[in-house]
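The basis for the numbers below is simple: all heavy atoms, side chains too, and nothing from hydrogens, waters or symmetry mates. Just so we're on the same page: letters track the sequence lines, and every chain starts at 1.
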Number of protein chains: 2
Amino acid sequence: MSAHTESHKYQQQRLQAIRSAAAVFAEKGFHGSSTRDIAEHMGIKQGSLYYYFKSKEEALGEVCLFGIEDYADHMKVIAASDQSFESKLMATITSHLSSYRERNEALKVYNDERLYLPEEKRRNLKVLGSGYRQLLEEIFEEGVRSGALRGSIDCHFAAQAVIGICNAWGDLIVRDPDLDLFDIIQKCTDLLINGFRERRTIERPIDQ
Amino acid sequence: MSAHTESHKYQQQRLQAIRSAAAVFAEKGFHGSSTRDIAEHMGIKQGSLYYYFKSKEEALGEVCLFGIEDYADHMKVIAASDQSFESKLMATITSHLSSYRERNEALKVYNDERLYLPEEKRRNLKVLGSGYRQLLEEIFEEGVRSGALRGSIDCHFAAQAVIGICNAWGDLIVRDPDLDLFDIIQKCTDLLINGFRERRTIERPIDQ
DNA sequence: CTTTTTTTCTATAGACCTATAGAATTCTTC
DNA sequence: GAAGAATTCTATAGGTCTATAGAAAAAAAG
């Protein structure tokens, strides 16, 4: 219970357990999933799961964290860079929608089930999650200052709109994996930039 | 079990039960809520709940239906009217956000928990729910035909965007009941119309 | 006030679920 | 290949949950 938990194989298997939990929680919800379901998904027996998690709640916490960890990191990098408002927005959307494709199960769990975490864990995640919204809001504020957006825009609503559209279109992506991600990213940037100012000029994205 | 189910008081109490179920499901999710929780919320004992529902699942079905019934109706009326594209869009947003305020609990349950319904009930609801998206899509198609939007717009994505933003902003409304609903409706219409075409002219709303 | 009907209650069967303890197995290392 | 460590298994205690049955209480009807 001390040294072995650091072993490479243990960490690898634990990650597998987190992924299984993510898949099951995403499909049936936290309370709708049993530890047996999760164990079955990764091919072990119910009791064995407790070798990796000390409780079902801990599993939920790990899934949520997995869902947003490098997501929030990305955002910090983007916000700190010195690109134009439009590039930053597009980079944000790219990051958001890409995460949606790769980690959609864990992200869905984070979005839908995190409120079932104990208060303390939830606060820890909130630092990451609302850091995300916060940074997004700041990007919009900068857009207003720089004149890229008209002045009357409410940045709090704008940030929320980005999240809403990305989640909604993220669902479309998950449902139909053949969709062209980049095309959607452009549509989305387009919509938001057009939506918040009168005219727009097209701008190159940074990556992906 | 035959005539009394038609009595006035019975129907009234049953509606109360549906509202209680909505509140509890909205807070804790379907699987996270027990029949005891629901009964307690309406001030009766757990077993008595089965006088109004034959199962917990039936309660969920009723809550979901309650959440979207007149919502889908509204949409039909709007789509069938012969207002301009912009008016129709604004009316849709008005209806969506107003429902969010009044019936947000049941609507949240419809959005988040309907997948736990048995296949058959879910299909029945889907007729209503995706009828909604369908009509919304048609409104956009008409907007394109009429020249109010530029031609390249993908109406399927547009409809999804409306839903995404309304849900996201609906959450803001629920969280802060002091917000000015009409102001938000305007912001939202603004964003969407600007988002999907190059320039916009401001237009009067129809009601509310 | 008595009878009938409607509504609520109590009590419980039967199922399932989490978490733990200790045995069995597999993997490492010497 | 024997000793020790890591991983998985079986079995189960103790709890909660849904749904039902039948008694009790409240309301309506006669």
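- Aromatic pair A/Y132/A/H96: ring centres closer than 6.0 Å.
- When distances run from any side-chain atom of A/K45 to the nucleotides C/dT10, D/dT10, C/dT7, the shortest one goes to D/dT10.
- Residue A/Y10 has its side chain nearest to D/dT7 when only C/dC9, D/dT7, C/dT7 are considered.
- Phosphate contact (OP1/OP2 of D/dT7, side-chain N/O of A/Y51, threshold under 4.0 Å): present.
- No N or O donor and acceptor, one from the side chain of A/E57 and one from the base of C/dA19, sit under 3.5 Å apart.
- When the C1' atom of C/dT20 is taken as reference, atom NZ of A/K54 falls 14 Å away, rounded to whole Å.
- Nucleotide D/dT7 holds its C1' atom 15 Å from the CD atom of A/Q16, rounded to whole Å.
- In this structure, CZ of B/R36 is placed 14 Å from P of D/dA19, rounded to the nearest angstrom.
- With hydrogens and angles left out, the side-chain atoms of B/S81 and B/Q83 include a donor and acceptor closer than 3.5 Å.
- In this structure, B/F85 has its ring center under 6.0 Å from that of B/F140.
- Rounded to whole Å, the distance from CD1 on B/I38 to C1' on D/dT18 is 11 Å.
- The distance from atom CD of B/E40 to atom P of C/dC9 is 11 Å, rounded to the nearest whole Å.
- Between the CZ atom of B/F30 and the C1' atom of D/dT18 there is a distance of 10 Å, rounded to whole Å.
- B/F53 comes within 4.0 angstrom of nothing in the nucleic acid, heavy atoms only.
- Proximity of B/K56 to the phosphate of D/dT18: a side-chain N or O atom is located under 4.0 Å from OP1 or OP2.
- The residue B/Q13 sits close only to the backbone: its heavy atoms come under 4.0 Å of sugar-phosphate atoms, none of a base.
- Separating the CD atom of A/E58 from the P atom of C/dA19 is a distance of 10 Å, rounded to the nearest angstrom.
- Put simply, B/Y50 has no side-chain N or O that comes within less than 4.0 Å of OP1 or OP2 on D/dT20.
- Distance, A/Q46 CD to C/dA19 C1': 8 Å, rounded to whole Å.
- Using a 4.0 Å heavy-atom distance criterion, B/S48 is classed as a base contact.
- A centroid separation of less than 6.0 Å is found between the aromatic rings of A/Y10 and A/Y51.
- Heavy-atom contacts from other residues, nucleotides or ligands closer than 6.0 Å to CD of B/Q46 number more than 12.
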